[in-house]
Amino acid sequence: MEQGFIKVGAGTPKVRVADPAYNAGQIIQVIRQMADAQAKIIVLPELCITAYTCGDLFWQERLLDEAKEQLLRIARETRDVDALIFVGLPIEYESKLYNAAAVLNEGRLLGLVPKICIPNYNEYYEARYFTSGEDVQGSVELGGEDVPFSAEQIFVCEQMPRLRVGVEICEDLWTADPPSSHLALQGANVIANLSASDELAGKETYRRDLIRGQSARLLCGYIYASAGEGESTQDVVYCGHSLIGENGVILSESSRFENEIIYGDLDIFRLEGERRRMSTFRPESRYYEVIPFSLNVQETVLERRFSPDPFVPEDHGDRRQRCDEILNIQAMGLKQRLEHTGCRCAVLGLSGGLDSTLALLVTARAFDLLKIPREEIMAVTMPCFGTTDRTYQNACDLSRCMGTTLREVDIKEAVTIHFRDIGQDPDKHDVTYENSQARERTQVLMDLANQKGGMVIGTGDLSELALGWATYNGDHMSMYGVNSSIPKTLVRHLVGHYADTCKDAALAKILRDVLDTPVSPELLPPADGVISQKTEDLVGPYRLHDFFLYNMLRWGYSPKKIYRVACLAFDGIYGEEIIRHWLPIFYKRFFAQQFKRSCLPDGPKVGSVAVSPRGDLRMPSDACSAAWLEELAEI
């Protein structure tokens, strides 16, 4: 439960139709198994105390009485279980029968939640037995206590008040106005669904999409437990297809036709953060009864996986599709800007590194869309003190292979004269030595663009902007930055995708050599002809920084939480000491360098994380990182 994580489970016990005593024994076993796995929210199927397929036996008083007795037994025998438990049974209230979910905690019956949407079509005949609980507000006497009976109940954890759980039952989800929508707008961020969904050809996909979509729309966790083996197969078959979703992602899913238990780690704080951020997620003014429950606070042993590369899809097919989509977004953004300005020439600095290579690929695609000859793209290589033969040659070969106009401007003499003018010792390789080269290059690009009536295309990426790894008014500046929302880890995959899919073998060979070249600004003289200044030696691994950036901006994770999930994500890749070393450096640089991001040129947004001051990141340049660093110091 620490940092908002909570383990939840959905289980399908093997039942016998109309045998509550046997079913209760099976339910208790499943609950205890889930409790042993430290599940704190436990959801079982619809009507599982009696079985869903009792038919006209639901009218038998003996069955209804036995169901209540076995519910009380389940409560007694799970009083030592530290969990919120949902189990289904038929309940009589004021001479009507209801399909209900009983909510248990520490041996207490907290509430009874009736099903609202009663199906009575195709193979379903529930309206023959059950009444909708939509307008019911009352209580049912069970075990000598009055138990609240209403669909408008939300169960709130006393030890973790941000954990709020609502209930709907099976068909409720499949309707145009699901009760879970109103529960979520009343504050519930976890929805338990007790279901008995029969299996038909193609229904598995539809069911999965429903749960994925509803959890996304409601920004919630969704626990769906379905009936399985043991139900009557007189006319239909039940497959026990249970799922756990969170904000559009299926965290866990059972095999069909097997009575399984599944688990998932929900991130309650992340869900709450999303709701705070989404201005269109607006609470309703209706009143729902709040029922408190209790859980012991302990650290959740996380089983959910955190990708070390959150900007990059892990599935190869998804990654190829995403890369092509992003290249098109970048190119279409530039195409529109060129069309709007009437500009038919582009100028960009081509270093032979990853970022400028990607910018050239995108620019070429935009010019192809506009049917402007690629010769109107001026690729400018500007060798200076740190340029190596490898990057210089790659830049020249790439320009020629792409059919663009190559222009070489050696800036050594201009920078040397500038050093003389400002009194800079050329042997003093400090920040002035480095930044003078970057600013000279930008001046050359801007002036060449003025000569040609062209547009300077920015090459800097999102990772560099996050860390401030750009020279202010140097490579920081352009007329349109096509890479401004592309993190370094994604830049590498985009260039790799281009190399894998292009039909030009010579171009693919150049791109692969660019991919193999160490990332460097090449502002310091090389050692024996080899790059001496490697960016990741100075600011840290981009893979780590991109992970930090994503989880900070996308999910609002605290420093300790980022550290915790980073240790899991990079297990076997980076040790805890390395993560602990670079995380405070990330925060220091991110806060200190906001002034550079506050005056960024335009550029296309391609993903859910971006730092444009006109869009995603309205952050003051004077913001202080003290609170974040203070928390890190406690690790």
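Every value quoted in this text rests on a predicted model; they were computed, and no experiment measured them.
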Next item on the list: Could you check whether the rings of Tyr550 and Phe311 sit parallel, tilted or perpendicular, using 30° and 60° as the cut-offs?
Entry: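 Rings of Tyr550 and Phe311: perpendicular, as their planes differ by over 60°.
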Next item on the list: Hey, can you tell me if Tyr124 and Tyr52 have their rings parallel, tilted or perpendicular (30° and 60° cut-offs)?
Entry: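 The rings of Tyr124 and Tyr52 stand perpendicular, inter-plane angle above 60°.
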Determine which pairs satisfy salt bridge (charged side-chain N to carboxylate O under 4.0 Å, His left out) with at least one residue from [range], sequence neighbours left out, and list them in order.
range            : value
residues 618-628 : none
residues 161-190 : Arg164-Glu272
residues 141-160 : Glu152-Arg286

Under the 3.5 angstrom rule, does the side chain of [X] hit a backbone N or O of [Y] as a donor-acceptor pair?
X      : Y      : value
Glu284 : Leu185 : no
Arg108 : Val103 : no
Glu231 : Val15  : no
Gln60  : Leu57  : no
Asn120 : Ala127 : yes
Ser252 : Ile244 : no
Ser215 : Gly221 : no
Ser132 : Ile118 : no
Asn259 : Glu229 : yes

Return yes if a side-chain donor-acceptor contact under 3.5 Å exists between [X] and [Y], otherwise no.
X      : Y      : result
Tyr587 : Ser625 : no
Tyr224 : Glu253 : no
Glu66  : Gln70  : yes
Asp309 : Thr489 : no
Gln594 : Arg597 : yes

Checklist line | Leu617 CG to Ser612 OG distance, which is reported to the nearest 0.5 Å | finding: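 If we round to the nearest 0.5 Å, Leu617:CG and Ser612:OG are 9.0 Å apart.
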Item checked: Value rounded to 0.5 Å, distance of OH in Tyr222 from OG in Ser180 ->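 The OH atom of Tyr222 sits 5.0 Å away from the OG atom of Ser180.
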Write down the atom of [X], the atom of [Y], and the distance for their closest heavy-atom approach.
X      : Y      : answer
Phe547 : Pro308 : CD1-O, 3.9 Å
Ile169 : Val113 : CD1-O, 3.6 Å
Ala151 : Gly133 : CB-O, 4.1 Å
Ser242 : Ala225 : OG-CA, 3.5 Å
Thr50  : Pro20  : CG2-CG, 4.4 Å
Cys48  : Val87  : SG-CG2, 3.4 Å

Next item on the list: Apply side-chain contact (heavy atoms from CB on, under 4.5 Å) to Leu266 and Asn189, showing your working.
Entry: CA-CA 10 Å; Leu266 298 182; Asn189 46 37; over 6 Å; no
Next item on the list: Please assess Phe586 against Trp628 for the test ring pair (Phe, Tyr, Trp, His ring centres under 6.0 Å), listing each intermediate value before the final yes or no.
Entry: CA-CA 11 Å; Phe586 166 79; Trp628 287 260; over 10 Å; no
I'd like to check the side-chain hydrogen bond (donor to acceptor under 3.5 Å, both in side chains) partners of [X]; sequence neighbours left out, ordered by chain and number.
X      : result
Arg614 : Asp602
Arg304 : Glu246
Glu634 : Lys560

Any carboxylate oxygen within less than 4.0 angstrom of a Lys/Arg side-chain nitrogen, looking at [X] and [Y]?
X      : Y      : result
Lys203 : Glu199 : no
Lys561 : Glu2   : no
Arg207 : Glu204 : no

Please list, chain by chain and in numerical order, all residues satisfying side chain to side chain contact (heavy atoms under 4.5 Å, CB included) with [X], sequence neighbours excluded.
X      : result
Glu123 : Asp198, Leu200, Val236
Ala610 : Ser485, Lys605, Asp616
Arg217 : Gln214
Ala466 : Leu549, Phe590

Item checked: Derivation of the side-chain hydrogen bond (donor to acceptor under 3.5 Å, both in side chains) call for Ser255 and Glu260 -> CA-CA 7 Å; Ser255 303; Glu260 290 186 345; 3.3 Å; yes
Taking distance alone, no hydrogens or angles, what donor-acceptor pairs closer than 3.5 Å link side-chain atoms of residues 289-298 to residues at least two apart or in another chain?
unit_1, atom_1, unit_2, atom_2, d
Ser294, OG, Gln159, NE2, 3.0
Gln298, OE1, Lys40, NZ, 2.9

Item checked: Contacts of type salt bridge (charged side-chain N to carboxylate O under 4.0 Å, His left out), residue Glu303, not counting sequence neighbours ->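 Glu303 satisfies salt bridge (charged side-chain N to carboxylate O under 4.0 Å, His left out) with Lys7 only.
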Checklist line | Residue pair Lys14, Glu258: steps toward the salt bridge (charged side-chain N to carboxylate O under 4.0 Å, His left out) verdict | finding: CA-CA 10 Å; Lys14 183 179 175 68; Glu258 294 182 28; over 6 Å; no
Next item on the list: Mind running side-chain contact (heavy atoms from CB on, under 4.5 Å) on Leu109 and Leu71 for me, showing each step along the way?
Entry: CA-CA 9 Å; Leu109 267 169; Leu71 172 61; 3.9 Å; yes
Checklist line | Phe281 atom CZ, neighbour heavy-atom count above 12 within 6.0 Å | finding: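 Check passes, neighbour count above 12.
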Margin query: Take a 6.0 Å sphere around CE of Met619 and say whether it holds more than 12 heavy atoms from other residues, nucleotides or ligands.
Written below: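 Yes, CE of Met619 has more than 12 neighbouring heavy atoms, counting only those of other groups under 6.0 Å.
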Check: Can you tell which of Ile85, Leu194, Asn23 makes a side-chain contact (heavy atoms from CB on, under 4.5 Å) with Leu44?
Finding: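 Exactly one option meets the side-chain contact (heavy atoms from CB on, under 4.5 Å) with Leu44, and it is Ile85.
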Note to self: side-chain contact (heavy atoms from CB on, under 4.5 Å) for Gln26 and Gln29? Distances and angles first, verdict last.
What the structure shows: CA-CA 5 Å; Gln26 295 296 306; Gln29 286 184 27; 4.1 Å; yes
Note to self: Go through it in stages, so that I can follow the logic: the residues are Leu104 and Val81, the test is side-chain contact (heavy atoms from CB on, under 4.5 Å), and I'd like the CA-CA distance, side-chain angles, deciding distance and then a yes or no.
What the structure shows: CA-CA 10 Å; Leu104 310 174; Val81 172; over 6 Å; no
